[in-house]
Amino acid sequence: MRVLRSLEVLKLGVVNYLDALKLQEKLVLDRKSHRICDTLLSLQHPPTYTVGKRRTVHNLLIPQSELEQIGAELHYTQRGGDITFHGPHQAILYPIISLRDMGIGARSYVEKMELTMIEMAAQYGVKACPGLAGETGVWVGERKIGAIGVRISNGITSHGLAFNIDPDLSYFRHIVPCGIADKEVTSLRRETDSVLPPEEIIQEQLVSCFARIFGYDNLIWKEDASVVTDGTE
C-alpha cells in the first residue's frame, strides 16, 4: 500500500529576504537530519534583487549605490540562475524537500516547478510554457511570468520559484532578468481577462498546484510567523 505523503506549508506573509534565507538554512539542516518532514515556505518579499552563485552582478543595470533610492536591496545567494527581482505581489515558494525520498533528480525537479506555475496560470486562462533552451522559468509567449532558481544539497532543496501575480514591473527594467536580454517580464494580472481574487487565495492555489504535481496527499497548513525570528537564532 502506498504511504501517504505529507507536506507542511508555512504561510509567512511578507518576509525580509535575509530572514527567509536563514530560515531555509535551518530547515535544510532539520530535513537532512529527519527532524522535519518536507516543508514549503509560502511568502512574499520586500523589493529585493538577488544574484545567483555565478555572481552575474553585471546584469544589474543601475549602480548599487542607487538601490536605496528605489527602495530595493541586493543580496548574493548560493542558488542557481542569474539575477532576478522579488517584491510585493509576487508569490514565492521555497520547498525544503527530499528529492531522494521522492526518487527524482534535479532536472525532473525543475520541470515539476515549471509545471506548477504553468498549471497555476492555466487556472486563469493564461497559456504558459517552459522557456526555450537556456531560458529558465515559465513564459507567456516572449514574456516571462515565473522564475526558478534552486539549490540542492545532499538531495535537499532550497530556494525555489517566484510567480508574478501583480508586481511593480518597473523594477525589472533595472536588471537583465535571469540574464536573458531583450525579453519582457509580465504578470498574471496583465495576461488574464479574469478578475483576480485576493492574493492570499492565489498563493494558496499555487501551493495546491505544487502539492498536486509533486504527489503530496496531505497538506499541513501553519501560519505562525514567529518561526521566521524564533527559528533562526
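Under the 30°/60° scheme for interplanar angles, the aromatic rings of Phe85 and Tyr171 are found to lie parallel.
Here the side chain of Ser158 pairs no donor or acceptor atom with the backbone of Ile96 at under 3.5 angstrom. In this structure a side-chain-to-backbone donor-acceptor pair under 3.5 Å is present from Thr192 to Ser194. Checked by atom type and distance alone, the side chain of Arg5 pairs as donor or acceptor with a backbone atom of Gly215 at under 3.5 Å. A donor-acceptor distance shorter than 3.5 angstrom exists from the side chain of His45 to the backbone of Val15, with no hydrogens or angles considered. In this structure a side-chain-to-backbone donor-acceptor pair under 3.5 Å is missing from Ser42 to Leu10. Not one N or O on the side chain of Ser108 forms a donor-acceptor pair closer than 3.5 Å with the backbone of Gly105.
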Verdict with supporting geometry, Tyr124 and Gln205, side chain to side chain donor-acceptor pair (under 3.5 Å): CA-CA 11 Å; Tyr124 291 91; Gln205 291 171 336; 2.5 Å; yes
Full working for side chain to side chain contact (heavy atoms under 4.5 Å, CB included) between Ile156 and Ile97: CA-CA 6 Å; Ile156 307 299; Ile97 64 176; over 6 Å; no
Go through it in stages, so that I can follow the logic: the residues are Ile70 and Ile62, the test is side chain to side chain contact (heavy atoms under 4.5 Å, CB included), and I'd like the CA-CA distance, side-chain angles, deciding distance and then a yes or no. CA-CA 10 Å; Ile70 63 171; Ile62 63 172; 3.7 Å; yes
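With respect to Glu8, the salt bridge (charged side-chain N to carboxylate O under 4.0 Å, His left out) criterion is satisfied by exactly one of Arg35, Lys222, Arg31: Lys222. The one candidate from Asp38, Asn218, Asp217 that meets the side-chain hydrogen bond (donor to acceptor under 3.5 Å, both in side chains) condition with Ser6 is Asn218.
In plain terms, the two heavy atoms of Leu188 and Ile145 that are nearest each other are N-CD1, 3.7 Å.
Side-chain contact check for Tyr17 versus Leu74: every heavy-atom pair is 4.5 Å or farther apart. Side-chain atoms of Ile92 and Tyr94, non-hydrogen and from C-beta on, do get closer than 4.5 Å to each other. Side-chain contact check for Gln123 versus Cys209: some heavy-atom pair is nearer than 4.5 Å. Using a 4.5 Å cut-off on side-chain heavy atoms (C-beta onward), Arg212 and Glu119 make contact.
There is no path of hydrophobic side-chain contacts, each under 4.5 Å, that joins Leu29 to Val150. Residues Val14 and Leu41 do not share a hydrophobic cluster, defined by chaining ILVMFWY side chains whose heavy atoms lie under 4.5 Å apart. Cluster annotation: Ile220 and Leu40 are assigned to distinct hydrophobic clusters (Ile/Leu/Val/Met/Phe/Trp/Tyr, side-chain heavy-atom contacts under 4.5 Å, transitive).
Ile165 CD1 to Arg189 CZ: the interatomic distance, rounded to the nearest 0.5 Å, is 9.5 Å. To the nearest 0.5 Å, atoms CG (Leu161) and OG1 (Thr116) are separated by 6.5 Å. Atom CG of residue Asn154 and atom CG of residue Leu99 lie 11.5 Å apart, to the nearest 0.5 angstrom. Between the CZ atom in Phe163 and the CD atom in Gln203 there is a gap of 10.5 Å [rounded to 0.5 Å]. We find the NZ-CG distance between Lys144 and Asn164 to be 9.5 Å, quoted to the nearest 0.5 Å. Here CD of Glu204 is found 3.5 Å from NZ of Lys11. Values are rounded to the nearest 0.5 Å.
His89 and Glu199 are linked by a side-chain donor-acceptor pair at a separation below 3.5 angstrom, with hydrogens and angles left out of the test. Side-chain contact, Lys32 with Ser153: a donor N or O sits under 3.5 Å from an acceptor N or O. With hydrogens and angles left out, the side-chain atoms of Glu73 and Thr48 include no donor and acceptor closer than 3.5 Å.
Environment of CD in Glu66: crowded, with over 12 heavy atoms of neighbouring residues, nucleotides or ligands closer than 6.0 Å.
The pair Glu191-Lys127 does not meet the salt-bridge criterion, since no charged nitrogen lies less than 4.0 angstrom from a carboxylate oxygen.
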